[in-house]
Structures are given as C-alpha cells and as structure tokens.
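Reviewing the structure listed below.
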Amino acid sequence: MSKKKLLLIDGNSVAFRAFFAMYQQLDKFKNPEGLHTNAIYAFKNMLDVVMKQEEPTHILVAFDAGKTTFRTAMYQEYKGGRDKTPAELSEQLPYLREMLKDMGIKSYELANYEADDIIGTMAKEGAEAGYEVAVVSGDKDLTQLASDHVTVYVTKSGVTKLEAFTPEHMKEVNGVTPTEFIDMKALMGDPSDNYPGVAKVGPKTASKLIQEYGSVEELYEHVDEMKKSKLKENLIAGKDNALLGKKLATIKCDSPVELSLDDLKYDGSNVDDLRRFYEKMNFRRFLADLAQKGELTENKTEVKKQDYTVLSLDNLDQLPKAAEVTFYLGMFGDNYHLADFTGFAFKIGDATFVSRDVFLLQESPLKEMLEDPEVQKNVFDLKRTSYGLYRLGIKAEALSFDLLLASYLIDNEKNSNDLGELVQGYDYYDLKTDLEVYGKGKNAKIPEDDAVFFNHLAGKTSAIAALKQTMLEQLKDHEQDDLFDSIELPTARVLAKMEMNGIKVQPSRLKELENDFAVRLKDLEDKIYREAGEEFNLNSPKQLGVILFEKLGLPVIKKTKTGYSTSVEVLNQLKEKSPVVSDILEYRQISKIQSTYVKGLLDVIDEQDGRIHTRYLQTLTATGRLSSVDPNLQNIPTRTEEGKQIRKAFVPSDPDGYIYSCDYSQIELRVLAHVSADPNMQEAFKTGYDIHAHTAMRIFHLNSVDEVTPLQRRRAKAVNFGIVYGISDYGLSKNLDISRKQAKEFIEEYFDQYPGIQAYMDRAVKEAREKGYAETIMHRRRYLPDIHAKNFNVRSFAERTAINSPIQGSAADIMKIAMINMQKKLDELGLKTKMVVQVHDELIFDVPKEELETVKQIVPAVMQSAVQLDVPLVADAGWGHDWYEAK
DNA sequence: AATATCACG
DNA sequence: ACGTACGTGATATTA
C-alpha cells in the first residue's frame, strides 16, 4: 500500500488570500442571488493544484472558531486593531464549507483555539502515526511546524503558487530552524497579530540573536553579558514582550481536538452534490471539468461538434448575403507577414463555411463580400487578418469588431493571442487552443484530418460570434467603447498599413559596417586575450567572470544567481583597476551592435522589396504602448556613435527623398503636469521652459534658469524621470551615484516645490486600491491585484505601477490618436508620404522630395493637436537623407 | 527553456 | 525593516 498522506489546510487564511487574489474579479464572480463567489472559486483552484500535487489520502480544512481564544485571554490586544473581514468575503465562508462537504473534505473548528492549533495538533498526530504531512496556509506562522515529515506550503502571489517550507528552506530563508522561528517571532513581534516584540528588532537582528543564543530564554540568561549597546537596552526593556510573544507565537500541538485521523479519510467528491453546488454558484468552468471527468475514458477534451459546409468553386453561390459576418483567416505561425495560409471560415447567421483553399477568397462573391464596406466583419486580430488578405490581393473593408483588441482592453492580463485560450477566460469551453490542435515546437502541424481541422476553424468563428455581445457590454461597463472604436480599431488599421509599407534599408551600408566592426572586434579580442593571458569565450559571462574575478583577482561587486555579475554597471567600477576592463566594455558594445543590428537586420530585409517590415504588437504591453518584433525597430541604437551608424542604413524609398522624424518633447512629464494639475509644473510648460532646468532652479533654490549648472540639470532630470517611475530614494541614489540621504533630500525638495505631484501619487495609489486598477485619460485599465499584497515588495511594486501606468499609458493613448489623425491627413491630402515607424513618442516618415515642405507643415501640427491637455504638447522634427540625419 | 546582458523610450 | 526605479525585444550561452 502506498504511503499515507495527510493534507491540512488553514481555511481562513487561504480564503483570505483567495479573496484578494481575485479581488479585481469581485463583481464578475457573483451567483444569480448576488452572492460573491470569487474566494470560493480561487480556493477551489488552489485545492485542485494541491490535490494533484500531493495526492492526499486524508484531508482536513481547519477554521478559526471566533474572535476569543486562549491567546486573547492571555493578551487582550491579540489580533486587535485588524480591519474587519470584508462582508463580501465573510458571506462566502459558509458556502465554502458547503463545497468542502460536497467534495468529501472534512472541515473543523474548535472553540477557544485558532485553526493553527488544530493544524499543529493534527500534524503532530499524523507525523507520529507515520503519515507524510502537507500543510497549506496563506501566512508564514505555520512554518514553525516544518519537520522531516511535515512540509508547510505558503501561498505566493495569488493562491495557486505555493512556496514549500521544509526545515532546509526555513534555514535558507530565516537562518534558523522551524522551532527557532518561534523565538525569532517572539523577538520581532507581529504587527498583523498586534503584539509588539522587542523595539527595533526586525528579522535580521532577530535571526542573528537566535542563531547565537538558540532561544529567547537562553538569550535572556546571557543578556547581561552582552556589551553595552542600544540593542541590549531594548532587549532588557522588551523582555516581557518577548516572553509574551513566545507564548502567543507558539502553536499548541496538544489542543483538545476531537478528531481521529480516520475521520479525515478522503474518498473523493459526491459528484451530484458538487454539480448542484457549482450550478448554484454559477461555476461553469468547474461544471465543464465535471462533465469531462464523467467521460474520462474517451476523448477527454473533446469540444462541441460544429456544423459546417465545406466550400469549393462549385458551391460558392450558396453563400447567403448578410449585413454581418464572422470571419477567420488561418495562418500557420505568428509571423503573418510570411506565414503559410491554412484555410478560412465564415459564419453567417447560424451557417458556417470552411475551406483549406484560401484562393477561394479571391473569387466572387467572397472577395466582394470582404471588400464591401457595408458588410460588417467580426474577426480575431484585425491587423493580422487584414494583412493576410492584403497578401492575397484583397483590400478588406469594415473589419468592425476585433475580439483580440476587445479582450486586451477589458483585461490585458486575461488576454491571449490564442483564441481558444482567451475565450476560456470568458467561460467559453467549446474551442480548443491551437496548441492542443496543432501541437508544439517542431512537431506542430496542421491536422490532415478535415474533420478535426475544420471543426477547429469553424469553432473559432463560433467563439467570436458567441462572445461579441458580452465583450461589447463589458467595454461599455468600463467606459471603453470610445477607446475601442475610436482608438484601438483605427490604430490597428494604421499599423497594418505601416507594416505593409515597411522601411527601406540599404544593405550595402550594413555590409560596410559589418566589415569595419569585424576588424575592430578581432583586434579587441586579441588584445583582451593577451591581457588576460589566455583565450576564452568573451561572450560567456561565466568564463569572463572566472578570468576577471579569479584569475585577475578583481573585486567582486555584484553577484547574480548563477555567479559573478559582469554587467556594464560592474565593469565601469572596475575600469581603474585593470586596463582589460575597458577593452571588454568596448568589445561588448561593438559585438552587441554587430550581432543584433548589423547581422540581425541584414537577415530580415525583404528580398522582394528591399524593405524591413516589422510587426507591431498591439495587445501585449501592460500600459497600452506598442511593441515591435521581427525585428524590433523600437530599439535601434541612438546613444553611442557606433550604434547610431546603423541608422544610416535606413533610407527613403526615393534616392532624393527624405526620412522625416518627429518626436513629442517630454510627453510623459506633460501628461504628469496635466493629470496632477500641479500649478508650478503646468506653469513651467506653459512658459516653455526647459523643464529639467526649471526643476533644477526650483529644487536648488536658484533665482533663474541661467544659474543652473550642468550637474544640477542632470540631477533634476533624473529626479523628473524617477517621479514618473514612482520614485524611491534608493533608486535615485543609484542612478545618480549619490548618497541615499541626499537623494531623499532632492525628493523632499521636489515635493515641496511641486506639491501637486505628491498629491497625484497618493491619489493614484489610493484609487488603485479602491478600484483594483489604474486608468489612463482614455480609460485604458491596468489591474493591480498586488496593491493589496501583504508582502512589502510586491505591494510597493504595484504602487509604483499605479503611479506610472496612467502616465505611460496616457502618453501611449495620445500617440495612437496622433497616428490615426496623421494617416487620415495623409490620405486626405493624397500624399505619397508614408508613416513607417513608431518609437513610443516618435514617428518616422518616408517622404518624397517634393512633399517635404508639406510634411513639415502637417506632422508637428497633427501631433501637437492630438488631444487638448492643460499644458501644451510640443513635437520637434528633424529630416535628412537617412534616419541618422533625421535628428 | 532559463539566464545574463544590453539596445530603446 | 523590508529592497527598488517604469515599459519593452534580441542575442548568446548554458543547462
């Protein structure tokens, strides 16, 4: 017989975590009676993960019985001052227990004791009876139970990720054993349980003390022998607190639990009860799982069969006419500029039509329908679809609903480029993912079996049609209909055009660079080998680390998780110590340009038209920016002269034409000035000051901008950047290489000078906490569940994000509006000028000679008038016969 | 497939 | 006391 395994779950704490893990879904997870269900749902997800991983034979979920326990008797303030459990959570707890019952899982509570004590008692009993024990909790208090046969899992970011605390892991994390962890807690106190511990003792000090003395009692035996220090005074003053803390922190492993291990035996769910429960809770996902398990033996992930007609030249005339159709164009692989077509599907009313032969699309009446502006098409990925059709010689019109874009706006975390995966997030399970149907990696292929492939294609159109209304309603609820119709959809059309345009690249210029760089790299390589005294792989940070820090004995400044860090930051500090370091830096820089840009770009020039066609990803970033891939044209070098040379290869279509570039000046700070309504910053922009100099003048108390020194301006600039990122004194001090104290002073002075900025930052965090998301000026959302995290770092990150996202995201909104207006203007004026690249705050145009003057007139004007803010938008332009000159 | 590094706004 | 700047993509090495 296999080993017995006991699973013990801290019901309250996991439910609490589960609730906040899905806090942003609070309104979505409601059953028809209005009961919130998010915590139950997430709890069940956690259970699935743990049950699968642990395969327990026995299970118990322990709950707290009430507010008063033997601990409150000992110390009245215990767990005092806590926020009340949200009503939306407490209403779920009885139902959670009902679900556990239906699942055949015992739950239990005990008057006067906490769930911790029940778990401690049963864990001890289990371990003694020879069970393997797994404990799951949402906080670390229970980790003191870890032992050879007891593993304590604590939920991490969400509830389905668990961190396993074994005695070894405890030692790594805290430096002490699980039992010593109690003593550590006794010294530190626990703010969330509301007991104090010893003043000024945090984890670091507590761990050190316990490692030295072994326990609180032992520590106080020897406290008099310690040499005089503030710490000693604090320890003596806090003795009572420490001893009390130890009593409170110790889990009682002999509480009067009236349960035997046999009571906890797990025999599986009562499927009928569970189904009824899921129906009551409206858990369609779990119902679908149950249904699947029912027919476990055959085809366990089979989806609904689609009805469809296979199209051919002979039956095209059967196609009904309609004002609205759903269309899916199949391509194999992500890069739709080059991907092979696999087939297509139309859904018109209830009828679906499919084919593998995409050339049918060029036939009547399909082509006419696709090009008819009166026939609305619903698609998944407008840009990909319209690019694909363009490759087939079809100019698609009226692609008016894009499920991919809608889903990105509704919740970019839940979004996916795979339709099958995406729709699961909307409780639609009748479509497999491409991965399931095609397979992955080099084994991926389109199924030969028509029944399988057509069912998948047809299923996609069904999914799009089925979810359209729901998605539109959600967009409306979010006040995002305008963002969807007037920004994202038109942006997709503009981007499709830009991708089709591409930008012309002169390979000969790259080839010249390739030769020059090859020579320089060879020389540097030889020199470095001589200086190092041996040959090694310069591109390997690992081998380089050995040479620098072991052979040459340079001081180790920073480590990575795998070894020594050899990043620029580190190497810059080592420059003085050894001449080889500068050569390595130079080698690194050139080698980067050579491999990523010179060789990389040469590989992706389209042989047909001599141009580079990037793809813009419109539904990827968390903030609403675009990203650019295959190749990335948004990170072409500009900061070093060698790097800039790359830009000489980007040229206009006509030999005598121009590359014209126009970028927003300080758009993010202007957005900040607008959303914060800070009068001083708005004043600076309205007057047209150099903003960084203006900031320097204010924070360094100068009388005029003319007195600002270059160093002061540089520092002010860094502060301005820092503000946009959600500043910290540490980050600023590192960036400017100044002391943390000084950085802190700069920041304080900044907030004094621009009081509206601090108010904005506080407001941004507060609103994110209340709403669960941050929002741009155009109502683009970013959900921030971590804003409620208990972990300081996780929470702080979410807070900085709450500050930064509206700024970066609003700037992205503005740029998208500018691009739409720009394309419209180019079309209206019938210009040959093409918009070819976007780099976040900059647009690049390919301009025929005779249109340069017109472009100079319209481009900055269109960009500056994209939206009306409380401060002016300014765009600066440059032009020349290649991208290098256009500055 | 993960990690380190470095290119951009 | 905690340990940090915000957002991306490509390359080479190593596992």
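Proteins come first, then strands; the chains are lettered A, B, ... in the order of their sequence lines, and each starts at number 1.
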Open item on the list: Nearest whole Å is fine: how far is dT8(C) P from L633(A) CG?
Closed with: 18 Å

Open item on the list: What contact category does S591(A) fall into here, base, sugar-phosphate, or nothing, at under 4.0 angstrom with non-hydrogen atoms?
Closed with: nothing

- [ ] Could you check whether R639(A) gets within reach of a base, just the sugar-phosphate, or nothing at all, counting any heavy atom under 4.0 Å?
- [x] base

Task: First encountered from the 5' end of DNA chain C, between S796(A) and L620(A) - done: S796(A)

Open item on the list: Check this one for me: any side-chain N or O of R782(A) less than 4.0 Å away from OP1 or OP2 of dG7(C)?
Closed with: yes

TODO: Find which nucleotide of DNA chain C each of P203(A) and Y730(A) is nearest to by heavy atoms, and output the residue with the more 5' nucleotide.
DONE: P203(A)

Open item on the list: Any base atoms under 4.0 Å from A811(A), or only sugar-phosphate, or nothing? Heavy atoms, all strands.
Closed with: nothing

Open item on the list: Quick check on dA5(C): is either OP1 or OP2 less than 4.0 Å from any side-chain nitrogen or oxygen of R800(A)?
Closed with: no

TODO: Would you indicate whether the side-chain heavy atoms of E488(A) and L409(A) approach each other to under 4.5 Å?
DONE: yes

TODO: Sort out for me which residue in H613(A), H337(A), R615(A) forms a side-chain hydrogen bond (donor to acceptor under 3.5 Å, both in side chains) with E499(A).
DONE: H337(A)

TODO: Under 4.0 Å between any heavy atoms, over every strand shown, what does V568(A) touch: base, sugar-phosphate, or nothing? Just pick one.
DONE: sugar-phosphate

TODO: Considering only atom P, compute the distance from dA4(B) to dT4(C) and round it to an integer number of Å.
DONE: 14 Å

Open item on the list: Tell me the interatomic distance from L626(A), atom CG, to dG9(C), atom P, rounded to whole angstroms.
Closed with: 11 Å

Open item on the list: Taking only the P atom of each, what is the distance from dC6(B) to dA5(C) in whole angstrom?
Closed with: 16 Å

- [ ] Please state how far atom CG in D813(A) lies from atom C1' in dG7(C), giving the value in whole angstrom units.
- [x] 14 Å

Task: Point-to-point distance, once rounded to the nearest 0.5 Å, from CE of M863(A) to CG of L843(A) - done: 4.5 Å

Open item on the list: A side-chain contact here means heavy atoms from C-beta on lying under 4.5 Å apart; do F845(A) and M822(A) qualify?
Closed with: yes

Task: Segment of DNA chain B, first to last nucleotide, that comes within the 4.0 Å heavy-atom reach of chain A - done: dT3(B) to dG9(B)

Open item on the list: Would you say S733(A) and Q742(A) are linked by a side-chain donor-acceptor pair, where the criterion is simply a distance under 3.5 Å?
Closed with: no

Open item on the list: Measure CD/E799(A) against C1'/dA5(C) and give the value in whole Å, please.
Closed with: 14 Å

- [ ] Assign the ring pair F536(A) / Y529(A) to parallel, tilted or perpendicular, where the plane angle (0 to 90°) is split at 30° and 60°.
- [x] perpendicular

- [ ] Classify the nucleic acid contact of A718(A) as base, sugar-phosphate or nothing, counting any heavy atom under 4.0 Å across all strands shown.
- [x] base

Open item on the list: At less than 3.5 Å, do the side-chain atoms of S627(A) and the base atoms of dT8(C) form a donor-acceptor pair?
Closed with: no

Open item on the list: What contact category does R795(A) fall into here, base, sugar-phosphate, or nothing, at under 4.0 angstrom with non-hydrogen atoms?
Closed with: nothing

TODO: Using a 4.0 Å cut-off on protein heavy atoms (strictly under), produce a 5'-to-3' string for nucleotides 10-15 of chain C with B for base contact, S for backbone-only sugar-phosphate contact, and - for none.
DONE: BSSSSS

- [ ] Give F721(A) one of three labels, base, sugar-phosphate or nothing, depending on what nucleic acid heavy atoms sit under 4.0 Å from its own.
- [x] nothing

- [ ] State, without any angle test, whether Q838(A) and Q634(A) hold a side-chain donor-acceptor pair at a distance under 3.5 Å.
- [x] yes

- [ ] Please work out if G722(A) contacts a base, only the sugar-phosphate, or nothing of the nucleic acid, heavy-atom cut-off 4.0 Å.
- [x] base

Open item on the list: Using a 3.5 Å distance criterion without hydrogens, assess whether the side chain of R647(A) forms a donor-acceptor pair with backbone atoms of I636(A).
Closed with: yes

Open item on the list: If I take atom CG in residue D190(A) and atom P in nucleotide dC2(C), what distance separates them, rounded to the nearest angstrom?
Closed with: 17 Å

- [ ] Establish, yes or no, whether the cationic atom of R384(A) lies under 6.0 Å from the six-membered ring centre of Y336(A) and within 45° of the ring axis.
- [x] no

Task: Counterpart base for dC6(C), defined by Watson-Crick or G-U wobble contacts under 3.5 Å - done: dG9(B)

TODO: Would you mind classifying the nucleic acid contact of S565(A) as base, sugar-phosphate or nothing, using non-hydrogen atoms under 4.0 angstrom?
DONE: sugar-phosphate

- [ ] Take atom NZ of K558(A) and atom C1' of dT4(C), then tell me their distance rounded to the nearest Å.
- [x] 12 Å

TODO: Starting from P on dG3(C), measure out to NZ on K734(A) and report it in whole angstrom.
DONE: 14 Å

- [ ] Indicate whether any N or O donor in one side chain lies under 3.5 Å from an N or O acceptor in the other, for Q808(A) and T623(A).
- [x] yes

Open item on the list: What I want to check is whether the side chains of Q211(A) and K208(A) have a donor and an acceptor closer together than 3.5 Å.
Closed with: no

Open item on the list: What contact category does V724(A) fall into here, base, sugar-phosphate, or nothing, at under 4.0 angstrom with non-hydrogen atoms?
Closed with: nothing

Task: Distance-only side-chain donor-acceptor flag, K717(A) / N720(A), under 3.5 Å - done: no

Task: Neighbours of DNA chain B within residues 659-676 of chain A, by heavy-atom distance under 4.0 Å - done: none

- [ ] Just call it for I803(A): base, sugar-phosphate, or nothing, with non-hydrogen atoms closer than 4.0 Å on any strand.
- [x] nothing

Open item on the list: If only side-chain N and O atoms count, and only distance matters, is there a donor-acceptor pair under 3.5 Å linking E586(A) with S582(A)?
Closed with: no

Task: Polar contact flag, side-chain donor to acceptor under 3.5 angstrom, E569(A)-Q573(A) - done: no

Open item on the list: Rounded to whole Å, please give me the gap between CG in L736(A) and P in dT4(C).
Closed with: 19 Å

